[in-house]
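Here the structure comes first, spelled out in structure tokens, and everything after it is commentary.
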There are 2 protein chains.
Amino acid sequence: MLAEERRFRIREILSGQRTITASDLCAALGVTAATVRRDLAALEQDGVLVRSHGGAVSRMSSTNFQPSYETLSHSHSNEKHAIARAAEHLVLDGETVFLEGSTTVFELARGLHQRNRLTVVTNSPTIVCQLQRSSGVTVLCTGGELQKDTFYFSGEWAQRALSEIRLDKAILGVSAIDLSYGVSTANHAEAQIKKMITRAAKTRIALADHSKFGTQTFAYVGPVADIDVLVTDSGTDPKYIKGLREAGVEVVVAACQETRKGPSKRTHSHK
Amino acid sequence: MLAEERRFRIREILSGQRTITASDLCAALGVTAATVRRDLAALEQDGVLVRSHGGAVSRMSSTNFQPSYETLSHSHSNEKHAIARAAEHLVLDGETVFLEGSTTVFELARGLHQRNRLTVVTNSPTIVCQLQRSSGVTVLCTGGELQKDTFYFSGEWAQRALSEIRLDKAILGVSAIDLSYGVSTANHAEAQIKKMITRAAKTRIALADHSKFGTQTFAYVGPVADIDVLVTDSGTDPKYIKGLREAGVEVVVAACQETRKGPSKRTHSHK
DNA sequence: TCAAAATCGATCATAAACAAACAAATTGAC
DNA sequence: GTCAATTTGTTTGTTTATGATCGATTTTGA
């Protein structure tokens with residue numbers, strides 16, 4: 001195998017997963033650790049990745065472009081993983097779905113990598129980057145002006161794009177949900193986009209971990225009855241689930257199987 | 001077998017697979033390694049491929065969905081760095097500029113991080129992610145359908161967005177430039193977008209490293225006279241620079257300060 | 001904190017691939 | 001036919017890529 005080809009492979013691997021260990025690369029590429037180290041050094045010089053003891057972290061991967069304020073590493077990451085995995089099954093091959101930018105939906109997007117004949121529309125550059133290497137997924141982006149606080153597109157271009165499409169399913173992250181007040185969000189532009197997505201989709205799927213329940217924020221989006229399916233984690237108070245079901249919402253409770261036992265199971269995050 | 005036919009066979013092989021080893025070519029063509037090397041050198045000169053120790057990597061954007069060598073690799077990264085740095089000075093605070101997705105332009109975008117009162121419009125999700133943390137830069141994205149080979153947006157949404165704006169400057173990557181044929185690109189959709197950007201901008205700035213000169217590809221974009229400023233590296237044949245200037249193009253030659261002198265090229269980056 | 005294990009950087013040896021110079025074969029013009 | 005130009009193969013020394021080795025450094029777990 002050519003050296004260039006080998007480095008291509010490393011890039012490919014890194015575009016799928018954010019980090020890679022040197023020993024894994026040895027096995028995957030069939031070369032010794034010395035060669036892997038040389039490759040990683042070269043790729044680091046090219047700005048593709050950042051080396052760290054035992055492996056490397058991608059710099060090009062979309063994971064890197066994630067919003068910093070709500071890094072998914074800490075806040076309810078297990079719950080979000082579980083929710084994303086459960087919601088993933090609601091997306092079927094051949095469908096056209098909207099993915100709205102939020103950390104949970106981003107988790108979900110990662111799981112759609114291998115799909116076939118799937119069309120994804122999104123207003124999140126992060127999700128576009130996440131799916132840009134997936135050959136079986138057609139990716140459309142609304143465009144618009146990038147909101148610096150939420151990292152997704154809104155504005156006239158986004159709204160007009162949304163006004164021109166009809167979707168099988170829309171998957172929305174929810175930042176606040178209350179049985180009586182309904183769904184709300186902190187940002188006015190975001191609320192407007194959410195409303196338009198809601199109108200454009202046949203089936204509306206909302207993702208909300210347990211911490212979002214019983215809260216209200218500034219900008220009103222719509223009543224809970226607008227939601228067709230809500231996916232949440234097992235930590236949600238049953239009274240909310242009951243209330244939602246009474247309002248006609250199908251509620252999916254994702255089992256949070258992976259209990260965090262070791263305080264630091266994650267290896268290469270030494271910084 | 002004629003030399004021309006042999007080289008055509010190499011092109012054929014490379015359109016099917018991304019890489020080829022020199023020894024495989026020896027066997028396939030029934031010639032010695034010296035001849036194969038000569039062929040590869042000629043084809044590299046023509047911009048068809050990039051040689052690598054033991055073989056070569058295709059530079060053509062392949063027919064299948066796989067991204068081309070150019071989009072993934074940082075080949076000629078020194079030259080591209082120099083070009084990006086030089087072009088950066090052409091962008092002034094307060095302006096509205098279009099950044100078209102290409103590896104060189106991506107380098108440039110990285111340098112705009114600290115700017116103030118700058119408005120950037122782009123059709124590249126990578127550039128959006130690159131600038132999404134820059135508080136002084138307003139980012140707009142055309143949206144559209146993501147092209148899986150080039151990683152940027154095209155299609156109706158992108159075209160309509162471009163038809164509605166006027167820009168101070170447009171910065172475009174050039175994949176092939178020839179004095180008589182003009183600028184061309186491998187992808188039809190891309191050519192269309194480039195044409196629209198050209199129309200929307202008051203000043204058109206093209207970035208092209210030396211390997212792009214004297215080449216032609218499938219889709220025609222426009223004559224060289226459409227370019228206002230062209231930034232290239234010092235490896236470009238002076239005859240091209242002269243020809244461009246005669247056509248009324250302002251040519252900026254970026255000094256590639258980091259000369260690869262010692263035997264330690266990219267390996268042994270002992271800091 | 002210490003000690004064991006893993007990983008790293010540097011160096012060297014080797015084999016493969018390289019460039020360059022030269023020789024042989026081929027081609028085309030006269 | 002001869003001669004020059006081109007192309008291809010061969011030879012030669014040089015460069016490059018890779019794997020092995022050896023301390024040095026870092027991580028990990030107690």
Side-chain angles (χ1 to χ4, degrees), chain A residues 1-11 13-14 19-46 48-58 73 260-271, chain B residues 1-11 13-14 17-46 48-58 69 73-78 235 259-271:
Chain A
M1 188 192 295
L2 294 175
E4 278 297 331
E5 163 118 41
R6 206 178 45 237
R7 292 174 187 174
F8 255 81
R9 292 274 298 276
I10 296 177
R11 286 170 201 264
I13 292 169
L14 272 178
T19 67
I20 186 71
T21 67
S23 51
D24 281 355
L25 281 177
C26 291
L29 304 170
V31 290
T32 61
T35 303
V36 166
R37 273 200 298 273
R38 276 184 278 250
D39 283 344
L40 292 181
L43 290 170
E44 181 175 42
Q45 237 240 300
D46 283 354
V48 176
L49 50 83
V50 177
R51 296 182 68 187
S52 113
H53 205 88
V57 184
S58 172
S73 45
R260 50 169 63 180
K261 37 190 168 188
S264 66
K265 178 80 178 112
R266 295 269 140 177
T267 42
H268 311 102
S269 58
H270 71 300
K271 272 253 166 173
Chain B
M1 188 191 298
L2 265 60
E4 274 306 318
E5 182 176 355
R6 206 178 46 239
R7 291 176 188 173
F8 188 77
R9 288 275 302 277
I10 296 177
R11 283 170 191 262
I13 291 170
L14 274 180
Q17 54 196 93
R18 196 178 51 206
T19 68
I20 186 72
T21 66
S23 52
D24 282 354
L25 281 176
C26 291
L29 304 170
V31 289
T32 59
T35 304
V36 165
R37 272 200 297 275
R38 276 185 277 252
D39 284 343
L40 292 182
L43 289 170
E44 182 176 41
Q45 187 68 33
D46 287 351
V48 175
L49 51 82
V50 175
R51 295 183 69 187
S52 156
H53 203 88
V57 184
S58 172
Y69 179 82
S73 91
H74 286 215
S75 61
H76 303 112
S77 61
N78 272 350
T259 49
R260 48 174 66 180
K261 43 189 171 184
S264 63
K265 194 175 64 173
R266 46 173 49 175
T267 51
H268 304 116
S269 66
H270 55 306
K271 46 173 80 171

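Everything numeric in this text was worked out from a predicted model, so none of it was measured. Every chain is numbered from 1 and lettered A, B, ... according to where its sequence line falls, protein lines coming before strand lines.
Residue B/V36 is tested with B/L25, B/D24, B/T21 for a side-chain contact (heavy atoms from CB on, under 4.5 Å); the sole match is B/L25.
B/H53 has its side chain out of reach of A/L2: every pair of non-hydrogen atoms, C-beta onward, lies at least 4.5 Å apart.
Separating the CG atom of A/D24 from the P atom of C/dA6 is a distance of 15 Å, rounded to the nearest angstrom. Straight-line distance from the CG atom of A/L40 to the C1' atom of C/dG9: 14 Å, rounded to whole Å. Remark: P of D/dA17 and CE of A/M1 are 16 Å apart, rounded to the nearest angstrom. With rounding to whole Å, B/R51 atom CZ is found 12 Å from D/dA17 atom P.
Between B/G55 and B/R38, the residue anchored nearer the 5' end of DNA chain C, judged by the nucleotide with its closest heavy atom, is B/G55. Positionally, the nearest nucleotide of DNA chain D for B/R6 lies more toward the 5' end than for the other of B/R6 and B/H53.
Separation of atoms CG (A/L14) and CD1 (A/I20) is listed at 6.5 Å; rounding is to 0.5 Å. Expressed to the nearest 0.5 Å, how far CZ of A/R6 lies from OG1 of A/T35 amounts to 5.5 Å.
Contact between the side-chain N/O atoms of B/T35 and the OP1/OP2 oxygens of D/dG9 is found at a separation under 4.0 Å. Considering only side-chain N and O atoms, B/R37 lies nowhere under 4.0 angstrom from the phosphate OP1 or OP2 of D/dT10.
Distance from the side chain of A/A3 is smallest to D/dT18 among D/dT18, D/dT10, C/dC8.
When heavy atoms are screened at a 4.0 angstrom cut-off, B/T21 is found touching no nucleic acid atom at all.
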